[in-house]
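Atoms within each ligand, like the ligands themselves, are counted from 1 in listed order. These figures come from a predicted structure and were not determined experimentally.
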Amino acid sequence: MSKILVSGGTGYIGSHTVVELQNAGFEVAIIDSLANSQIDVIDHIEQITGKRPEFYQFDLKERHDTRAVLKELDNIDAVIHFAAYKSVGESVANPFKYYRNNLQSLMNMIDGMNRNHVRHMVLSSSCTVYGQPDVLPVTEQSPVKPADSPYGSTKQISEQIIQDAIRSGLDMNAIALRYFNPIGAHESAKIGELPVGEPNNLVPYITQSVAGVRGQLKVFGNDYNTPDGTPIRDYIHVVDLAKAHVVAIKRLLEGKNKANYEVFNLGTGTGNSVLEVIKTFESATGQNVNYAVTDRRAGDIEKVWADTTLANTELGWKAEKSLADALRSAWNWEKNYRNI
Ligand code: UFG
């Protein structure tokens, strides 16, 4: 049985990926600082899969701890590296926090892997690297645009760090997965997205607003050049996204990768506007969303959705769940969490 080390494994995408890895028969060890997640997630993963992942709480910025844990876990076959800060607005206000955390952690992880002969890594990247693309849908060949935020920069630089490490001669294979907009929760409603404080992202804001935890949802602008005037994104169910990580890990472990470094877009291939998300949420859950259109949010792009051909053909992976499935699962998670 192969063993996978998942950094950031108690976080939103990390926890769903741990569940899918365990369901696929992998053994899992998690490293997480718990800076942005809760320890109970480990219990909830165990309730879903019947298997408790190994857990190490420490900060990957600590190079010696990283080396020591990778040495202690001397039977790791591959790493999935999620651990990173992810708030766009916070990164603008506090750029050093983002550069220090997101980049130092990755370098320490690669250093620890190299010392302990772990050769395979899957990296959590983002469609943010494309900025506002000139041509839609976005393929992996679309140009990487100057980042709009330090958060976006850290994703671009993270991809570059891995490529430079390989070019320097490190014996390493890596796959960077560029996520579009992950939403939703596990069907058990035992794990889901739990942002600290006021949510920045659309779907957790909707579910918390409907749950009565937040006030009215603000729709940030309806004067974009889109059919209904609101911005378009490619919203992908987090469980579909999690499954893609399992496929990527198998590709590396089975030596099916075609280069030492590969990149794949992970989206559904379909774009939906903010108003479409609201309407679909209402019809999928029977709940009313209280919203008002306000000014645009600084830094928002107009529209982006993925060309998923490469992931479909090369990985043999395709998003299976619908927007309605994802929104229903997000609401079920919120209800379960708030005891509604
Ligand atoms: N939106 C609202 N009201 C809200 C929150 C969001 O109208 O309260 C709108 C935004 O204006 C945008 C859409 O909903 O049009 C989606 O916004 P999100 O914040 O959910 O997602 P983003 O596309 O802005 O951000 C996501 C990830 C980032 C990543 C970015 C890359 O959350 O980590 O995609 O484009 F950097």
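Checking Tyr179 against Ser124 by side-chain atom types alone, a donor-acceptor pair falls below 3.5 Å. Using modelled atom types and a 3.5 Å distance limit, the side chains of Asn108 and Thr66 yield no donor-acceptor pair. Using modelled atom types, one finds no donor on one side chain facing an acceptor on the other under 3.5 Å when comparing Ser153 with Tyr98. Side chains of Thr309 and Asn312: a donor-acceptor N/O pair is absent below 3.5 angstrom, by distance only. Side-chain N/O atoms of Asn265 and Tyr130 include a donor and acceptor closer than 3.5 Å.
In terms of protein heavy-atom proximity, atom 22 (P) of ligand 1 is closest to Asn181 ND2, 3.6 Å. What sits closest to atom 5 (C) of ligand 1 on the protein, heavy atoms only, is Asn200 O, 3.4 Å. In this structure, atom 36 (F) of ligand 1 lies nearest to the protein heavy atom Tyr151 CE2, 3.0 Å. The nearest protein atom to atom 9 (C) of ligand 1, hydrogens excluded, is given as Val274 CG2, 3.8 Å; this is a heavy-atom distance. In terms of protein heavy-atom proximity, atom 24 (O) of ligand 1 is nearest to Arg297 NH2, 3.0 Å. For atom 35 (O) of ligand 1, the closest heavy atom belonging to the protein is Cys127 SG, 3.9 Å. Thr128 CB, 4.4 Å is the protein heavy atom nearest to atom 30 (C) of ligand 1. Counting protein heavy atoms only, atom 12 (C) of ligand 1 is closest to Arg233 NH2, 3.8 Å.
Distances below 4.0 Å separate heavy atoms of Val219 from the following atoms of ligand 1: 7 (O). Taking every heavy atom of Lys218 and a limit of under 4.0 angstrom, the matching atoms of ligand 1 come to 2 (C), 3 (N), 4 (C), 7 (O), 8 (O). Atoms of ligand 1 found under 4.0 Å from any heavy atom of Pro231 (numbered from 1 in listed order, with element): 15 (O).
Neither Ile110 nor Ile249 shares a network with the other; the hydrophobic side chains, linked directly or stepwise wherever heavy atoms of I, L, V, M, F, W or Y lie under 4.5 Å apart, form separate groups for each. By the criterion of side-chain heavy atoms lying less than 4.5 angstrom apart, applied directly or through intervening Ile, Leu, Val, Met, Phe, Trp or Tyr residues, Val122 is not grouped with Ile157; the two fall into different hydrophobic clusters. When the side chains of ILVMFWY residues are joined at heavy-atom separations under 4.5 Å, either directly or via intervening members, Val213 and Trp333 end up in two distinct hydrophobic clusters.
Between Pro231 and Ile301, the closest side-chain pair of non-hydrogen atoms is not below 4.5 Å. Residues Asn225 and Glu302 have side chains in contact (heavy-atom distance under 4.5 Å, counting atoms from C-beta outward).
For Phe82 and His245, the distance between ring centers is under 6.0 angstrom.
Residue contacts with ligand 1: Phe180 is excluded, as none of its non-hydrogen atoms falls under 4.0 Å. Ligand 1 lies nowhere less than 4.0 angstrom from a heavy atom belonging to Tyr130.
Contacts with ligand 1 closer than 4.0 Å are made by heavy atoms of both the backbone and the side chain of Asn201. With a 4.0 Å heavy-atom cut-off, ligand 1 is reached by no atom of Arg296. At a heavy-atom distance under 4.0 Å, no atom of Val304 approaches ligand 1.
Within the set Val129, Asp300, Leu275, the minimum heavy-atom distance to atom 11 (O) of ligand 1 is found for Asp300. Comparing heavy-atom distances from atom 4 (C) of ligand 1 across Tyr235, Tyr205, Phe220 singles out Phe220 as nearest. The nearest non-hydrogen atom to atom 14 (O) of ligand 1, considering only Asn222, Val203, Leu202, comes from Leu202.
From Leu5, atom CG reaches atom NE2 of His120 across 14.0 Å, with rounding to the nearest 0.5 Å.
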